[in-house]
2 protein chains.
Amino acid sequence: MARHSILDTLNDSLRKDTLAGISTMRFPPGQVLFSAGEHCRGLPLVLGGSIKVQMTGLSGHSIVLYRMGSDDICTLSIGCLMTGRGYRAEAIVEEETEAAIIPRGLFDRLMDQSAEFRLGIMESYGRRLDDLMLLVEEVAFHRMDERLEEWLQARAAQGQRTLTITHQELATELGTAREVISRLLKELERRGQVGLARGKIELTGLKKRSATA
Amino acid sequence: MARHSILDTLNDSLRKDTLAGISTMRFPPGQVLFSAGEHCRGLPLVLGGSIKVQMTGLSGHSIVLYRMGSDDICTLSIGCLMTGRGYRAEAIVEEETEAAIIPRGLFDRLMDQSAEFRLGIMESYGRRLDDLMLLVEEVAFHRMDERLEEWLQARAAQGQRTLTITHQELATELGTAREVISRLLKELERRGQVGLARGKIELTGLKKRSATA
DNA sequence: GACTGTTCAGTGATAAAGTCACACAGAACC
DNA sequence: GGTTCTGTGTGACTTTATCACTGAACAGTC
């Protein structure tokens with residue numbers, strides 16, 4: 001049964017029709033939800049799990065743009081839906097994900113008949129735009145060592161003690177080269193802040209960086 | 001009289017009301033349309049001219065995110081309008097600009113009553129998202145010398161022979177440091193591709209870069 | 001004209017990050 | 001066991017960023 005906050009805003013009649021018109025699906029880790037160039041068949045609502053959205057540029061390098069999780073809307077799909085152009089990025093399931101797809105016709109009807117639905121869509125768009133603007137600034141101006149430590153700290157803050165991730169994947173997260181990550185991690189290991197093993201990073205003593213402005 | 005393609009999509013009655021509800025304004029070069037933190041009072045439609053949107057990060061550095069020109073919609077404003085949060089970026093008029101502001105109430109009514117208006121808004125959003133994704137990739141992975149030459153070539157392609165711009169402004173365009181631009185421009189001058197003077201860059205012999213993959 | 005303050009540009013030194021090339025270790029498969 | 005593949009470590013080098021400073025070009029004042 002689909003649980004998504006944007007559905008809660010609908011009136012009874014619309015909600016009933018919507019629930020009847022969508023089907024929820026489960027996707028296992030590693031599954032590619034869509035890839036660059038593909039066309040979009042409907043608007044996915046993420047009910048739970050975690051999906052990363054990344055793009056590969058002309059240079060052949062990849063970078064993770066943002067993640068979608070519980071209660072998110074796949075903003076990228078809206079653009080594809082409206083303009084008819086293919087996706088520019090690809091979406092890869094990280095943790096087992098449940099999602100509902102709103103087909104085009106139903107989406108149009110919801111946009112037409114529910115101001116609350118429209119508001120939800122626009123808010124989602126606004127947040128995504130904000131995220132991307134912040135990412136641009138981060139990529140352009142922040143130091144790699146800081147970005148890496150912040151990324152690891154965010155994971156530590158979620159309670160994760162041991163990460164299963166390769167240096168290459170981490171490089172894609174931050175939009176840099178694998179060697180850069182390897183060297184920075186080695187340095188953190190020397191300082192006793194992480195433990196390294198093949199495909200694993202153990203978060204031991206990450207400390208807040210002091211005054212590195 | 002406001003000329004904007006999104007108004008053409010409206011039916012006679014809505015268009016009449018819309019034209020009555022908006023007022024067009026002119027802004028001179030250098031004028032700041034909005035700056036970071038400010039709140040948004042309506043949706044600007046750009047009728048003509050050129051506006052650059054740039055943000056300043058925690059690092060204190062600035063980067064130009066995109067430009068708005070004739071027939072554009074200020075997508076950033078929609079997010080602010082819907083979420084009530086302040087702008088994250090600032091908009092600066094480059095060439096004398098004419099714009100019409102659609103007030104909040106009218107915007108809501110148009111979203112409610114015109115599927116074509118909604119489509120226009122969503123398309124505009126999709127394009128902006130695409131632009132930003134491409135920018136992320138460019139900033140993360142492309143070489144500065146190539147980006148600079150491409151930027152100059154784009155101006156040359158518009159027919160501009162002499163640019164009035166400082167090295168610092170150009171650095172903000174590309175999200176780098178002024179010194180980097182100075183050095184790269186000097187190199188281009190040595191190769192006879194540009195002429196340099198205080199506050200001016202003359203585009204003489206820019207040639208396509210050959211196989212710099 | 002000379003004097004002053006401001007903005008813009010040039011450049012050396014150094015540090016950080018990206019690129020290239022390759023060695024080697026651990027895991028997986030026969 | 002051996003072979004293959006993937007992931008990691010590292011040296012050498014290039015590009016970009018940062019810091020510190022110099023001097024040139026311009027505007028305003030006397």
Side-chain angles (χ1 to χ4, degrees), chain A residues 30 56-63 135-152 162-191 194-202 209 211-213, chain B residues 30 56-63 136-152 162-191 193-202 209 211-213:
Chain A
T56 303
L58 296 169
S59 54
H61 292 113
S62 300
I63 183 170
L135 180 61
V136 169
E137 197 265 340
E138 178 158 331
V139 167
F141 301 125
H142 292 301
R143 295 170 48 99
M144 216 44 179
D145 52 357
E146 290 177 28
R147 293 181 57 210
L148 175 59
E149 287 191 48
E150 279 163 19
W151 196 93
L152 293 173
T162 311
L163 309 180
T164 301
I165 191 173
T166 66
H167 295 186
Q168 180 55 63
E169 286 167 329
L170 206 31
T172 297
E173 285 292 331
L174 300 176
T176 180
R178 198 263 313 157
E179 297 93 315
V180 175
I181 297 294
S182 289
R183 281 190 249 261
L184 290 174
L185 282 175
K186 252 305 169 246
E187 179 58 28
L188 288 179
E189 187 186 40
R190 269 190 282 277
R191 287 198 242 139
V194 300
L196 298 179
R198 184 189 173 88
K200 298 240 183 292
I201 301 172
E202 198 187 352
R209 293 180 65 88
T212 24
Chain B
T56 303
L58 296 168
S59 54
H61 292 113
S62 301
I63 183 169
V136 169
E137 197 265 339
E138 178 159 331
V139 167
F141 300 125
H142 292 293
R143 297 173 48 98
M144 216 24 129
D145 52 355
E146 289 177 27
R147 293 181 57 210
L148 175 59
E149 287 191 50
E150 279 164 19
W151 195 94
L152 294 173
T162 312
L163 308 180
T164 302
I165 190 171
T166 67
H167 295 185
Q168 180 55 62
E169 286 167 329
L170 206 31
T172 296
E173 285 291 333
L174 301 177
T176 183
R178 199 261 314 157
E179 297 92 315
V180 174
I181 296 295
S182 290
R183 281 189 248 261
L184 291 174
L185 281 175
K186 255 293 168 256
E187 178 58 29
L188 287 179
E189 188 186 38
R190 269 190 282 276
R191 287 198 242 138
Q193 303 189 9
V194 300
L196 299 178
R198 184 190 171 89
K200 298 239 182 295
I201 300 172
E202 198 187 352
R209 294 180 65 86
T212 23

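Lettering follows sequence order; numbering is per chain, from 1.
- One can place CD of A/Glu179 at 18 Å from P of C/dA16, the figure rounded to the nearest angstrom.
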Should B/Leu148 and B/Val180 be marked as a side chain to side chain contact (heavy atoms under 4.5 Å, CB included) after you check the CA-CA gap, both sets of side-chain angles, and the distance that decides it?
CA-CA 10 Å; B/Leu148 175 59; B/Val180 174; over 6 Å; no
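- For A/Arg147 and C/dG18, the CZ to C1' distance is 14 Å, given to the nearest whole Å.
- The distance between atom CG of A/Leu170 and atom C1' of D/dG9, rounded to the nearest whole Å, is 16 Å.
- Side-chain N/O atoms of A/Thr164 and A/Lys200 include a donor and acceptor closer than 3.5 Å.
- Taking the side chain to side chain donor-acceptor pair (under 3.5 Å) definition, one finds that B/Glu138 meets it with B/Arg147, sequence neighbours left out.
- Nearest to the side-chain atoms of A/His61 among the listed nucleotides C/dT19, D/dA17, C/dG18 stands C/dT19.
- Donor-acceptor pairing under 3.5 Å, judged by distance alone, is absent between the side chain of A/Arg178 and the base of C/dG18.
- One can place CG of B/Leu184 at 17 Å from P of D/dT14, the figure rounded to the nearest angstrom.
- If you measure from atom NE2 of A/His142 to atom P of C/dA17, you get 13 Å, rounded to the nearest angstrom.
- Contact annotation: B/His167 side-chain N/O to C/dT7 OP1/OP2 distance is not under 4.0 Å.
- Listed nucleotides C/dG18, D/dT8, D/dT16 differ in distance to B/Arg143; the shortest reach to its side chain belongs to D/dT16.
- Residue order along DNA chain D, read from the 5' end via each residue's closest nucleotide, puts A/Gly199 first among A/Gly199 and B/Gly175.
- When A/Gln168, A/His167, A/Glu169 are each tested for a side-chain contact (heavy atoms from CB on, under 4.5 Å) with A/Ile165, only one passes: A/Glu169.
- Judged by distance alone, with hydrogens and angles left aside, B/Gln168 brings no side-chain donor or acceptor close enough to the base of C/dC8 to form a pair under 3.5 Å.
- The base of D/dT6 sits with one of its N or O atoms less than 3.5 Å from a complementary donor or acceptor on the side chain of A/Arg198.
- A/Ile181 has its CD1 atom 16 Å from the P atom of D/dT10, to the nearest Å.
- For D/dT8, neither phosphate oxygen OP1 nor OP2 lies less than 4.0 angstrom from any side-chain nitrogen or oxygen of A/Ser182.
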Could you please spell out the steps behind the side chain to side chain contact (heavy atoms under 4.5 Å, CB included) verdict for A/Leu188 and A/Leu152?
CA-CA 11 Å; A/Leu188 288 179; A/Leu152 293 173; 3.9 Å; yes
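- Summarising the geometry, the separation between CZ on B/Phe141 and P on D/dT16 is reported as 15 Å, rounded to the nearest angstrom.
- Judged by distance alone with a 3.5 Å cut-off, a donor-acceptor contact links the side chain of A/Arg183 to the base of C/dT19.
- Rounding to whole angstrom units, NZ of residue A/Lys200 and P of D/dT8 are separated by 11 Å.
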